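Notes to accompany the following structure.
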Amino acid sequence: MNLTVMDIFKDENNVNFILKQLVGVFLMYNKILIPTMGKYMEQLIDHAINFIDGRDAEIIALYVVDDSVPFLTPQTVKDEMIEELKLRGGYFLDKFEELIDLEDKPNISLKKVLKKGKPNEIIVDFAKEKNVEIIILGTGKNIIDKHILGSVSEKVVHHAPCDIFLVRTVDNEFTG
Amino acid sequence: MLDVIINVVILIASLMVVIKAADIFIENISLIGAALGVSQILLGVTASAIGTSLPEFGSALLATLNHSSNIGVGIVIGSNIWNVAGIFGITATVTGIVKADRKSLNRDGLVSVVTGVLLLFVMILAAEFTNPSTLSDGEVGIISHNFPIVVGSLIMVLLYLYYFRILIKDQRKDLSHIKERAIDERQEIIVDSSLMENGTVGVEEKEKIKLKNVILVTVSIVALGVACDFLIYSATELSRIVGIPETIMALFTLSIGTSIPELVVTLSSAMKGLHDLSLGTIFGSVTFNILIPIGLLSFFDNIHVETLSLYFDTPIMLLVIALAILLFKFNDMKLNRISGLLLIGFYIVYAYVRIFFL
């Protein structure tokens, strides 16, 4: 059977396989940071697993307790908010671990980290400090919310020290 | 003109001091309470249930003591209408969503409605059992020590104590659930040192009473009293100079001003997804604002009820509470932007009618 190069490229499965191998060679991300606020975790994990593609890699799941409050917020309420977000963060990180299913993926090591501060700043600083190779983020809020409330992912995109993979996400929130 | 400017400056400055002093008072009284061995649950519930409402209570108290109880009643009812229509409306419009847990909405929402009905009932009692010759123009009754009005006031205070007990019981349940989860699942998480400083929920820490806390409690309570006095003084002066009725000043300027803590807490907690806190802040304030400032204060001094308070403001307050609950119930326990805009619209129409037509 005479198989030409063109024949190989005619088959879509072959093309996909070759592209995947090329991506694997050039973009061997071994340290992946996934900041999570509890939403669309499944989608982010799926993309991370696709990137890793069976290689040994480390995933760091990061939940940032947003401690910013407006002027005149009572201190006791601020403390209560931080405490509640801390518990919530712990719950989401545990949920993250459950979704990754580490028993089934021995090549992946997972670190769960809980930090406090402004989410975009903490994510960028953490990525710098830990020499993260890629940050996987969700696109987050819809266009109206982005205009009114601002977007963490947009801020991270502009200041990140490494590559970023932005996943077009849909709302799927785990509530604590 | 200079008079107006001076009084506006006094009003804003005293409002800031009232809010900050209430915050410092609650924070330090909690620390002293912890040192005395008072349960963290009791302190936590007290701080969140009363903390944001202290400015309303302080100003209503001072107004009543200064024999301007119409201002006190105005602050209470105005704050409640603003809390539900204005703050829920703004929060839902800005964040796009305010979620309610069915159990919390049933508990806090129902208590708010019952409280509102009780207030209406006490006002009707006051209207029925007050000698008309003792009333001034525009007044319908006096919540006094006379039987059976005093029974109504007593029921108000007892209802608040009962509600407080339910809050503590529920908080205890939530906490035991959190503790179980914390022990079972949290061991492998790397927690930043800045978060460790925050302490752990439910851990009973007993320290010695610090002199600093005692001084701050004393200073803050004095500052709260003095600032509330200035607040009421500047509001009445402004009413006199500009020619606005005192009740209008109380229903809008003072109630919106003293509700700033509720606004910032509800808005920021909804932005962070802490919907329980948003809901609890609003309905908790509504309940506290009615039962304690009116129920408790009526034991110390007569509270004069204006005709419009009984026939217009209080029914509107009940209506807006019911509207907010229904909006939650018929929208899958959520308030969205449309509901938010509807609540804001309701408030604007109420304010317009109240200021220009009544």
Side-chain angles (χ1 to χ4, degrees), chain A residues 37-39 60-98 102 110-117 119 122 125-126 130 141-142 144-150 171 173-176, chain B residues 15-16 19-20 22-31 43-44 46-48 50-52 54-55 93-97 99 101 178 181-182 184-202 260-261 263-265 267-269 271-277 281 337:
Chain A
M37 296 305 284
K39 286 182 174 179
I60 307 172
L62 172 68
Y63 182 93
V64 184
V65 171
D66 182 358
D67 65 345
S68 56
V69 286
F71 177 57
L72 292 177
T73 302
Q75 186 58 39
T76 43
V77 178
K78 185 184 173 185
D79 292 345
E80 194 186 331
M81 279 182 185
I82 292 173
E83 199 59 39
E84 181 66 38
L85 289 173
K86 198 168 124 185
L87 289 165
R88 193 169 280 220
Y91 171 81
F92 289 144
L93 290 172
D94 289 336
K95 202 81 207 166
F96 190 97
E97 183 174 357
E98 226 176 278
L102 290 172
L110 174 70
K111 238 184 222 164
K112 299 181 285 180
V113 181
L114 201 61
K115 282 182 154 293
K116 184 174 85 170
I122 297 284
D125 290 348
F126 186 80
K130 299 289 173 192
K141 305 174 181 100
N142 62 42
I144 300 170
D145 287 344
K146 271 190 182 168
H147 278 293
I148 299 176
L149 302 166
D171 266 11
E173 191 180 357
F174 288 96
T175 45
Chain B
L15 195 58
M16 296 292 146
I19 294 167
K20 206 60 209 160
D23 178 21
I24 295 171
F25 174 75
I26 289 287
E27 191 189 352
N28 286 281
I29 204 82
S30 298
L31 291 170
L43 292 172
T46 312
S48 49
I50 298 170
T52 54
L54 213 52
T93 308
V94 171
T95 62
I97 193 164
K99 284 188 202 166
D101 159 55
I178 285 167
R181 263 179 27 196
D184 290 349
E185 301 173 22
R186 295 290 140 69
Q187 288 158 357
E188 292 157 20
I189 296 175
I190 303 164
V191 181
D192 198 51
S193 55
S194 61
L195 275 166
M196 301 301 274
E197 290 160 16
N198 249 72
T200 312
V201 171
I260 288 174
L263 176 65
V264 291
V265 168
L267 194 57
S268 62
S269 53
M271 277 177 175
K272 292 176 199 301
L274 300 173
H275 298 286
D276 268 359
L277 186 58
T281 302
R337 285 210 168 92

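Remember, it's a predicted structure, so these values are computed and weren't measured experimentally. Below, read A as the first sequence line, B as the second, and so on, with proteins coming before strands; counting in each chain starts at 1.
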Q | Side chain / backbone / both / neither for A/L93 at chain B, heavy atoms under 4.5 Å | A | side chain
(Q) Could you go through B/V264 and A/V69, starting from their C-alpha distance and side-chain angles, then the distance that decides it, and tell me whether this counts as side chain to side chain contact (heavy atoms under 4.5 Å, CB included)? (A) CA-CA 8 Å; B/V264 291; A/V69 286; over 6 Å; no
Q.
So which residue, A/G117, A/S68, A/A61, ends up with the most heavy-atom pairs under 4.5 Å with chain B?
A. A/S68
**Q.** Contact origin within A/F71 toward chain B - heavy atom pairs under 4.5 Å
**A.** both
Q) Roughly how far apart are A/E83 CD and B/L274 CG, rounded to 0.5 Å? A) 12.0 Å
Q) Got a donor-acceptor contact below 3.5 angstrom from the B/K272 side chain to the A/V65 backbone? A) no
(Q) If you compare all heavy atoms of A/T76 against all heavy atoms of B/E27, which two are closest, and at what distance to 0.1 Å? (A) CG2-CA, 3.8 Å
Q | Closest approach of A/P74 to B/D23 (non-hydrogen atoms, all atoms of both residues) | A | CA-OD1, 3.3 Å
Q | Worked verdict on B/I26 versus A/Q75 for side chain to side chain contact (heavy atoms under 4.5 Å, CB included) | A | CA-CA 9 Å; B/I26 289 287; A/Q75 186 58 39; over 6 Å; no
(Q) How long is the straight-line distance from CG of A/L85 back to CG of B/L277, given to the nearest 0.5 Å? (A) 9.5 Å
(Q) To the nearest 0.5 Å, what is the distance between CD on A/E84 and CG on B/D276? (A) 7.0 Å
(Q) Show the nearest heavy-atom pair for residues A/R88 and B/G273, with the distance to one decimal. (A) NH1-O, 2.8 Å
